[in-house]
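Below, chains carry the letters A, B, ... as their sequence lines are ordered, and counting in each starts from 1.
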Number of protein chains: 2
Amino acid sequence: MARYTGRMSKRYDQYCPVAHALGLVGERWSLLIVRELLQGPKRYTDLAASLPGIGTNILAARLKELETCGLVTKHRLDPPAASMVYELTPYGLELKSVMRSLALWGLRSIGPPTDEEDFAPGWLYGALDTVFAPSAPAGSFEFRIGSEVAGIVDGEAQRGPIEEPDVVLEAGVEAFYWLFVERRWKGVKVTGERELLEQLLDAASAPAPAAPALV
Amino acid sequence: MARYTGRMSKRYDQYCPVAHALGLVGERWSLLIVRELLQGPKRYTDLAASLPGIGTNILAARLKELETCGLVTKHRLDPPAASMVYELTPYGLELKSVMRSLALWGLRSIGPPTDEEDFAPGWLYGALDTVFAPSAPAGSFEFRIGSEVAGIVDGEAQRGPIEEPDVVLEAGVEAFYWLFVERRWKGVKVTGERELLEQLLDAASAPAPAAPALV
DNA sequence: CCGCATCCCCAAAGATACTG
DNA sequence: CAGTATCTTTGGGGATGCGG
């Protein structure tokens with residue numbers, strides 16, 4: 001694995017994996033940039049647009065840091081559209097498990113959404129991909145939440161409608177919150193195998209499974 | 001888009017569980033304070049001592065923030081020793097899974113330790129408790145790493161020697177690193193069931209298990 | 001437009017001295 | 001021991017500029 005020994009902007013002088021990790025991605029905005037790039041390669045201005053308040057100099061600085069740390073690479077797109085895109089390296093992609101832990105922890109205190117418009121396009125796919133897909137049971141799920149449509153097929157998140165899904169969930173974002181965080185089935189419409197959906201919820205609620213051999 | 005006109009120095013203006021989580025523990029030093037408190041209640045000065053370079057004002061500020069966020073509580077110890085201790089709340093304790101993810105990710109790029117003295121007392125117990133115990137197979141393990149002794153019994157980390165352990169590992173901190181991170185069995189002494197130790201390593205290397213029902 | 005670099009200003013971090 | 005007070009330094013936010 002690539003080891004970064006160079007100068008990190010602000011680091012902690014401790015030999016500790018957590019302190020080291022925070023030296024790489026612990027600065028303000030860094031993990032949110034990673035969150036955006038987990039949805040796929042993005043351009044500079046698209047990143048800036050999805051991170052309200054970041055300030056262009058900070059975004060440039062963070063991207064440069066992430067690049068020198070080996071978490072992000074910069075390419076020029078193929079000829080037709082000759083713009084630059086930023087993309088996670090394999091090691092950067094592995095931050096998905098960190099994002100999942102953080103998201104599951106943060107969900108428990110974030111409270112219900114108040115405004116449908118707080119949601120950026122693609123949020124549903126992102127949530128399914130990083131939070132729910134990693135522990136999803138076999139089967140195919142389609143979610144129609146607000147104006148977003150995405151799903152999970154055999155443990156992999158997919159954008160858009162799913163072909164012949166085993167179960168379909170339709171809800172507004174607030175009902176989605178109440179179901180997935182608070183486990184209240186209110187204001188949701190389920191078509192198909194509801195138990196499969198419950199399995200999905202159960203699996204995500206227990207991100208740190210009991211020791212397998214202890215069961 | 002950004003409809004928050006007031007003054008919001010810290011925090012990100014997004015309805016996103018990751019952004020919310022980072023608003024709670026994303027500031028500099030916060031997660032390292034949590035790391036210390038995961039080992040049990042600690043006094044102010046002990047925290048300061050185990051976080052070299054933090055500055056007393058920052059420590060006080062972070063503790064106050066963590067307290068108002070409901071992640072930390074402050075008690076006065078029972079009469080014999082009438083000092084204050086800081087302790088994680090149940091919600092704060094649940095950051096252990098986040099620490100585990102971060103540590104497993106950071107380990108892959110931290111590189112081998114160069115100096116035995118970089119290690120604070122109790123580091124072995126901390127590592128076993130947050131990183132390895134959550135996915136440990138049944139059985140009892142004893143680790144004698146450098147001058148530290150700790151172990152895992154049926155998925156729970158314990159300080160000090162273990163009674164009749166199934167397997168004992170003796171090594172220096174550098175050999176410990178090579179074994180647990182790079183999987184090189186060099187300079188370590190194993191007594192007892194070596195396969196059990198391998199199971200422990202395998203379980204921790206795969207923190208995001210494949211979807212159970214897919215197997 | 002896109003991808004930054006520069007400048008200004010203020011808020012937060014660091015260092016250290018000090019106090020109940 | 002457990003912080004507060006004060007001062008300096010650094011970094012972030014916002015606006016603007018500017019070459020490609």
Verify salt bridge (Lys or Arg N to Asp or Glu O under 4.0 Å) between B:R108 and A:E94, making sure each step is shown before the conclusion.
CA-CA 10 Å; B:R108 306 193 44 180; A:E94 288 177 36; 2.4 Å; yes
Side chain to side chain donor-acceptor pair (under 3.5 Å) evaluation trace for A:E36 with A:S50
CA-CA 8 Å; A:E36 291 303 311; A:S50 52; 3.1 Å; yes
Protein-nucleotides 17-20 of chain C N/O pairs under 3.5 Å:
none

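We find that CD1 of A:I54 is positioned 13 Å from C1' of D:dG14, with the value rounded to whole Å. Regarding B:D13, its CG atom lies at a distance of 12 Å from the P atom of D:dG13, rounded to whole Å. Rounded to a whole Å, the CZ atom of A:R11 is 17 Å from the C1' atom of D:dT10. In this structure, B:M84 atom CE and D:dT4 atom C1' are separated by 15 Å, rounded to whole Å.
Applying the side chain to side chain contact (heavy atoms under 4.5 Å, CB included) test to A:E156 and every residue at least two apart in sequence or in another chain returns nothing. For A:D13, the side chain to side chain contact (heavy atoms under 4.5 Å, CB included) partners are A:R11, not counting sequence neighbours. Contacts of B:A19 classified as side chain to side chain contact (heavy atoms under 4.5 Å, CB included), with partners at least two apart in sequence or in another chain: A:L32, A:R35, B:Y12, B:Q14, B:C16. Applying the side chain to side chain contact (heavy atoms under 4.5 Å, CB included) criterion to A:S140, with sequence neighbours excluded, gives A:V153, A:I162, A:P165, A:D166. With sequence neighbours excluded, no residue forms a side chain to side chain donor-acceptor pair (under 3.5 Å) with B:R159.
With distances taken from any side-chain atom of A:R28 to the nucleotides D:dG12, D:dA2, C:dA13, the minimum falls on D:dG12. Side-chain atoms of B:E27 lie closest to C:dA13 of the nucleotides C:dC4, C:dA13, D:dG3. Here the side chain of B:W29 is nearest to one of D:dG13, C:dG14, D:dG3, namely C:dG14.
In this structure, the side chains of B:R144 and B:P161 come closer than 4.5 Å at one or more pairs of heavy atoms.
Contacts classified as side-chain hydrogen bond (donor to acceptor under 3.5 Å, both in side chains) and involving residues 119-134 of chain B (residues at least two apart or in different chains) are given here: B:K96-B:D129. Legend: ring pair (Phe, Tyr, Trp, His ring centres under 6.0 Å) pairs involving residues 39-72 of chain B, not counting sequence neighbours: none detected. The stretch residues 59-72 of chain B participates, sequence neighbours left out, in these side-chain hydrogen bond (donor to acceptor under 3.5 Å, both in side chains) pairs: B:R62-B:E65.
In this structure, the separation between CG on A:L107 and CZ on A:F180 is 10.5 Å, given to the nearest 0.5 Å.
Note on the helix from C:dC1-D:dG20 to C:dT19-D:dA2: angle between the axes of the first and last five pairs equals 30°, rounded to 10 degrees.
Between B:Y86 and the phosphate of D:dG3, there is a side-chain N or O to OP1/OP2 separation shorter than 4.0 Å.
No side-chain donor-acceptor contact under 3.5 Å links B:T73 and B:Y86.
Contacts between residues 57-72 of chain B and DNA chain C, defined by a heavy-atom separation under 4.0 Å, are made by B:N57, B:I58, B:R62. Listed by residue number, the members of residues 39-47 of chain B with any heavy atom below 4.0 angstrom from DNA chain D are B:R43, B:Y44, B:T45.
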